[in-house]
Amino acid sequence: MAIPTAVTPVAEIFELRWKVLRPGLPEETAVFPEDSAPGTFHIAAYDGSRAVRACVTFFPEPLPGSGGRTPAHRFRGMASEPSVRGRGFGRAVLAAGIAEARSRGAGVVWCHGRTGARGFYEREGFTVAGEEFEIEGVGPHVVLTRALGDGAD
């Protein structure tokens, strides 16, 4: 059975984002400057009771070093409820976000992914661009990119 997803207001995903990505930190640490920027969209994945179990935020931003040659969307704030990890909720929000970004003209999607999630992203067709770096207070990350073809991804 397919996991239902939808483009949704940030308010619907915020609690999960905060709880998973900024545990023990003040709420404001989970507010992103891009949350209400033009072109930003938020995706939620739901369980059978319509509870949000995974989320991600996408927004137009050129891939660093690309010179803006290919329209790009960056994503951040990807989170899955720990109790449902490995059950496809993260894959569902990522696929829905990629499809939406493509429909908005993106030719590439990218993120600063936690190194612990690198394997997940690589299984989803992403490649690492550059060296590992540290985001203070969050941990080690890498830039991950995925070119979007003309077909379904």
Side-chain angles (χ1 to χ4, degrees), residues 1-8 10-35 37 39-47 51-66 70-102 104 106-149 152-153:
M1 181 169 88
I3 294 171
T5 61
V7 175
T8 189
V10 69
E12 188 162 336
I13 66 162
F14 185 79
E15 185 177 346
L16 179 64
R17 180 201 285 174
W18 176 43
K19 182 173 85 172
V20 172
L21 300 179
R22 303 291 190 265
L25 297 175
E27 266 187 40
E28 60 269 17
T29 64
V31 174
F32 301 154
E34 302 86 6
D35 280 341
T40 297
F41 61 92
H42 312 279
I43 302 281
Y46 305 92
D47 66 11
V52 175
R53 296 300 182 194
C55 63
V56 67
T57 297
F58 279 78
F59 49 94
E61 184 175 313
L63 176 65
S66 71
T70 302
H73 271 63
R74 178 180 172 191
F75 63 96
R76 66 183 298 193
M78 187 162 164
S80 294
E81 177 71 44
S83 66
V84 301
R85 289 201 183 130
R87 294 178 37 202
F89 287 88
R91 180 174 287 117
V93 292
L94 184 59
I98 288 170
E100 183 69 19
R102 178 187 286 112
R104 295 176 183 219
V108 66
V109 293
W110 68 280
C111 72
H112 291 161
R114 294 173 189 245
T115 57
R118 179 178 172 168
F120 166 80
Y121 290 117
E122 288 176 333
R123 287 189 299 278
E124 297 304 312
F126 285 80
T127 58
V128 173
E131 300 297 317
E132 184 177 300
F133 59 95
E134 185 80 17
I135 295 179
E136 177 124 6
V138 181
H141 284 67
V142 291
V143 173
L144 293 143
T145 67
R146 179 173 163 183
L148 304 182
D153 286 287

Around atom CD of E12, are there more than 12 heavy atoms from other residues, nucleotides or ligands closer than 6.0 Å? yes

Are I98 and F75 close enough that some pair of their side-chain heavy atoms sits under 4.5 Å apart? no

Among V143, V142, L144, which residue satisfies the side-chain contact (heavy atoms from CB on, under 4.5 Å) criterion with H112? V143

Report the distance from atom CD1 of I13 to atom CG of D35, rounding to the nearest 0.5 Å. 7.0 Å

Is it the case that the side chain of R17 and the backbone of C55 share a donor-acceptor pair, with hydrogens and angles ignored and the cut-off at 3.5 Å? no

Is any side-chain heavy atom of T145 closer than 4.5 Å to one of L63? yes

Nearest heavy-atom neighbours spanning E27 and F14: O-CZ, 3.3 Å

Could you please spell out the steps behind the side-chain contact (heavy atoms from CB on, under 4.5 Å) verdict for V109 and L94? CA-CA 10 Å; V109 293; L94 184 59; over 6 Å; no

Look up atom OG1 in T127 and atom CZ in R146, then write down how far apart they are to the nearest 0.5 Å. 10.5 Å

Evaluate the ring planes of F41 and F58, with Trp represented by its six-membered ring, and classify them as parallel (under 30°), tilted (30 to 60°) or perpendicular (over 60°). parallel

Can you give me the closest heavy-atom contact between T29 and P26, atom names plus distance? OG1-O, 2.7 Å

Would you list the pairs meeting side-chain hydrogen bond (donor to acceptor under 3.5 Å, both in side chains) in which at least one residue belongs to residues 75-92, sequence neighbours left out? K19-E81, E34-R76, R91-E124

Provide the closest heavy-atom pair for I43 versus A96 in the form atom of the first, atom of the second, distance. CG2-CB, 3.9 Å

Are Y121 and V128 side-chain neighbours, meaning at least one heavy-atom pair lies under 4.5 Å? no

Residue pair A106 / L148: nearest heavy atoms and the distance that separates them: O-CD1, 3.6 Å

Give, for atom NE2 of H73 and atom CZ of F59, the distance between the pair rounded to the nearest 0.5 Å. 9.5 Å

Counting distance only, does the side-chain N/O of R22 pair as donor-acceptor with the main-chain N or O of W18 below 3.5 Å? no

Determine whether E61 and W110 satisfy the following criterion, side-chain contact (heavy atoms from CB on, under 4.5 Å), listing intermediate values before the conclusion. CA-CA 9 Å; E61 184 175 313; W110 68 280; 3.3 Å; yes

Would you compute the distance between atom OG1 of T40 and atom CZ of F32 and round it to the nearest 0.5 angstrom? 11.0 Å

Of all the heavy-atom pairs spanning A79 and L16, show the shortest one and how long it is. O-CD2, 3.9 Å

Got a sec, which residues hit side-chain hydrogen bond (donor to acceptor under 3.5 Å, both in side chains) with S66, two or more places apart in sequence or on another chain? none

Is it the case that the side chains of T8 and H42 hold a donor-acceptor pair, with the cut-off being a distance below 3.5 Å and no angle test? no

For E134, does the CD atom have more than 12 heavy-atom neighbours from other residues, nucleotides or ligands under 6.0 Å away? yes

